[in-house]
Enquirer: 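After the structure tokens below, expect a handful of questions from me.
The figures that follow rest on heavy atoms only: side chains count, while hydrogens, waters and symmetry mates do not. Naming: A, B, ... by sequence-line order, numbering from 1 per chain.
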Number of protein chains: 2
Amino acid sequence: MDPEPSELKRLSTAASPEQRFHEYLQSRGMRSTRQRQVLLEQVFAEHDHFDADQLIEKLPRRGSADYVSRPTVYRTLGEFVDAGLLKKFEIDGRSVYDFDYGYPDHDHLHCQNCDRLIEFQADGLEQVLRHVAERHGFRIKAHTLLVEGMCDECFRARRRTPRRVDRI
Amino acid sequence: MDPEPSELKRLSTAASPEQRFHEYLQSRGMRSTRQRQVLLEQVFAEHDHFDADQLIEKLPRRGSADYVSRPTVYRTLGEFVDAGLLKKFEIDGRSVYDFDYGYPDHDHLHCQNCDRLIEFQADGLEQVLRHVAERHGFRIKAHTLLVEGMCDECFRARRRTPRRVDRI
DNA sequence: TTGAATGCAAAGGATTTGCAGAGGC
DNA sequence: GCCTCTGCAAATCCTTTGCATTCAA
């Protein structure tokens with residue numbers, strides 16, 4: 001789950017994530033608090049997938065005026081997902097958050113060797129899904145496609161100096 | 001996560017899951033115990049995805065001669081995955097096990113309304129993935145495609161008697 | 001016989017919740 | 001001032017682990 005620069009470019013969109021989130025808050029009678037601001041800024045400062053702990057590491061520490069507690073981080077991430085800013089999925093039992101707003105649709109390759117997450121855009125996928133949905137009368141809201149395997153780097157490295165990784 | 005009869009037919013394969021598992025055990029110097037037998041039978045008695053709790057509910061209770069403890073259930077499910085009999089993925093933070101041996105490749109539609117998991121075979125998917133793998137020099141070992149949305153039944157039901165489901 | 005496997009109890013780790021005080025609007 | 005939000009501490013939920021005992025080979 002090591003963050004790395006995304007290959008995908010940002011799409012220009014009507015509203016910024018900040019604007020969109022504020023609309024979301026207003027429409028629900030929710031308040032714009034310091035904590036929500038801090039998180040909004042930190043999350044959208046970088047454009048990469050992350051989990052709760054990785055986010056917390058980057059936040060001001062306990063004692064700082066901008067400290068945000070762990071429960072609030074979780075609560076707010078849930079709100080971002082609700083607001084359509086982030087997408088959430090799971091790898092090995094932990095939640096990973098990924099950008100869903102102002103980003104082109106994409107999925108991930110997960111290297112079981114180095115744990116890296118690599119974004120990709122699968123050309124034909126949308127069509128395949130549309131077809132499936134039609135056949136089953138299913139209304140698609142979202143999808144997560146996670147491909148497990150070994151990335152190119154690890155494959156080459158292993159060929160040079162073979163070492164076991166998975167189990168015993 | 002309500003189990004329901006699979007639409008997919010069983011493929012005839014060289015060895016039965018039982019045979020395959022015994023080979024797996026032997027090749028690793030592991031033993032064929034009563035608990036592993038009980039689990040093997042219960043799991044392959046039905047051909048449907050399940051989680052640990054659903055499996056445990058169907059097992060003999062504490063006190064029975066065929067009782068299997070929770071830790072052993074988890075340990076053995078891991079062995080089934082290792083042996084290539086089951087596939088494991090996650091929905092809402094809990095592990096779901098699905099048949100991987102003697103079954104055609106398939107993925108799932110997950111209805112966010114009734115929580116049902118519907119299997120499907122996506123025709124073009126394999127090709128799409130092969131293409132992605134090639135482009136990224138990625139060696140695919142497995143994939144999980146989970147499509148979230150609303151199943152036909154729920155959609156129709158809701159149109160008749162609209163009721164909110166997701167949040168508040 | 002002997003080392004692998006099990007059950008028990010307890011630990012672990014991520015995430016959530018109850019609640020009293022703080023703070024937007 | 002009212003009602004939402006936050007931080008704290010503790011709880012929850014699923015899953016794993018340590019260890020003494022049981023049991024397959």
Side-chain angles (χ1 to χ4, degrees), chain A residues 1 21-40 42 49-57 59-83 86 88-97 115 167-168, chain B residues 1 21-40 42 49-57 59-83 86 88-97 115 167-168:
Chain A
M1 233 116 341
F21 189 55
H22 281 296
E23 284 168 22
Y24 168 85
L25 292 178
Q26 293 227 320
S27 70
R28 306 215 172 191
M30 294 166 76
R31 294 169 182 180
S32 176
T33 64
R34 180 179 50 70
Q35 289 86 340
R36 287 182 175 137
Q37 287 303 328
V38 170
L39 290 171
L40 200 50
Q42 179 56 57
H49 32 71
F50 60 89
D51 62 26
D53 276 325
Q54 291 172 331
L55 172 57
I56 289 171
E57 274 173 32
L59 294 173
R61 307 291 163 185
R62 194 179 303 246
S64 157
D66 282 343
Y67 170 71
V68 181
S69 72
R70 183 170 282 271
T72 295
V73 168
Y74 278 102
R75 283 187 280 238
T76 308
L77 285 175
E79 291 160 10
F80 289 169
V81 171
D82 242 39
L86 296 181
K88 176 182 173 182
F89 59 99
E90 278 145 38
I91 298 183
D92 292 336
R94 58 194 302 114
S95 295
V96 178
Y97 297 87
D115 209 34
R167 353 203 160 275
I168 302 183
Chain B
M1 236 123 332
F21 190 55
H22 281 295
E23 284 168 21
Y24 168 85
L25 292 178
Q26 293 228 319
S27 71
R28 306 215 172 190
M30 296 166 75
R31 295 171 182 178
S32 176
T33 64
R34 179 179 50 71
Q35 290 86 340
R36 286 183 176 137
Q37 287 303 328
V38 169
L39 290 171
L40 201 48
Q42 179 57 57
H49 31 70
F50 59 89
D51 62 26
D53 276 326
Q54 292 172 331
L55 172 57
I56 289 170
E57 275 173 30
L59 293 173
R61 307 290 163 187
R62 194 179 304 245
S64 156
D66 281 342
Y67 171 71
V68 182
S69 73
R70 183 170 281 272
T72 296
V73 168
Y74 277 102
R75 283 186 281 237
T76 308
L77 285 175
E79 291 160 9
F80 288 169
V81 171
D82 243 41
L86 296 180
K88 177 181 171 181
F89 58 100
E90 278 145 39
I91 298 183
D92 293 336
R94 59 193 304 114
S95 295
V96 178
Y97 296 87
D115 209 34
R167 352 208 159 272
I168 303 179

Enquirer: Roughly how many Å is it from OH in Y24(B) to P in dA5(C), rounded to a whole number?
Expert: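 Result: 10 Å.
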Enquirer: Among dG7(C), dC14(D), dC5(D), which nucleotide sits nearest the side chain of D53(B)?
Expert: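 Among the listed nucleotides, the one closest to the side chain of D53(B) is dC14(D).
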Enquirer: Output the rounded distance in Å from CZ (R28(B)) to C1' (dA25(D)).
Expert: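 It is 19 Å, rounded to the nearest whole Å.
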Enquirer: Does a side-chain N or O from S95(B) land closer than 4.0 Å to OP1 or OP2 of dT15(D), or not?
Expert: yes
Enquirer: Tell me the interatomic distance from I56(A), atom CD1, to dT6(D), atom C1', rounded to whole angstroms.
Expert: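 Rounded to the whole Å, the gap is 14 Å.
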Enquirer: Using OP1 and OP2 only, check whether a side-chain N or O of Q35(A) sits under 4.0 Å from dG7(D).
Expert: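 True: Q35(A) side-chain N/O within range (under 4.0 Å) of dG7(D) OP1/OP2.
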Enquirer: Is R36(B) touching bases, backbone alone, or none of the nucleic acid, heavy atoms closer than 4.0 Å?
Expert: sugar-phosphate
Enquirer: Quick one: the side chain of R34(A) and the base of dG24(C), do they pair up donor-acceptor inside 3.5 Å?
Expert: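 No, no donor-acceptor pair under 3.5 Å.
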Enquirer: Given atom OH of Y74(A) and atom C1' of dG7(D), what is their separation to the nearest angstrom?
Expert: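 Value for this atom pair: 16 Å.
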Enquirer: Name the closest nucleotide to the P71(B) side chain, picking from dT17(D), dT6(D), dT17(C).
Expert: dT17(D)
Enquirer: T76(A) and Q35(A): side-chain donor and acceptor closer than 3.5 Å?
Expert: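 The answer is no; no qualifying pair exists.
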Enquirer: Let me spell it out: for each of M30(B) and R75(A), pick the nucleotide of DNA chain D with the closest heavy atom. Which residue's pick is nearer the 5' end?
Expert: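 First, find each residue's nearest nucleotide; the 5'-ward one identifies R75(A).
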Enquirer: dA25(D) C1' sits how many Å from R31(B) CZ, rounded?
Expert: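 Spelled out: CZ on R31(B) to C1' on dA25(D) is 6 Å.
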Enquirer: Between R62(A) and dC8(D), is there a contact of a side-chain N or O with OP1 or OP2 at under 4.0 Å?
Expert: yes
Enquirer: What is the distance, rounded to the nearest whole Å, between atom CZ of R94(A) and atom P of dT16(D)?
Expert: 14 Å
Enquirer: What is the distance, rounded to the nearest whole Å, between atom CD of E90(B) and atom P of dC14(D)?
Expert: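 E90(B) atom CD is separated from dC14(D) atom P by 13 Å.
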Enquirer: Check the distance between dT6(C)'s P and Y67(B)'s OH and give it to me in whole angstrom.
Expert: 13 Å
Enquirer: About how many Å separate CG of D51(B) and NZ of K88(B), when rounded to the nearest 0.5 Å?
Expert: 12.0 Å
Enquirer: Using every non-hydrogen atom in the two residues, find where D53(A) and R70(A) come nearest and quote the distance to one decimal.
Expert: OD1-NH2, 2.8 Å
Enquirer: Kindly point out which of dT6(C), dC3(D), dT17(C) is positioned nearest to the side chain of T33(B)?
Expert: dT6(C)
Enquirer: Would you please say whether a donor-acceptor pair under 3.5 Å links the side chains of Y24(A) and D82(A)?
Expert: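 Side chains of Y24(A) and D82(A): pair found under 3.5 Å.
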Enquirer: By nearest atom, which of the nucleotides dG7(C), dG7(D), dA25(D) is closest to the T72(A) side chain?
Expert: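 Among dG7(C), dG7(D), dA25(D), the one nearest the side chain of T72(A) is dG7(D).
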Enquirer: How long is the span from the CG atom in L86(B) to the CD atom in E79(B), to the nearest 0.5 Å?
Expert: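 The CD atom of E79(B) is 11.5 Å from CG of L86(B), to the nearest 0.5 Å.
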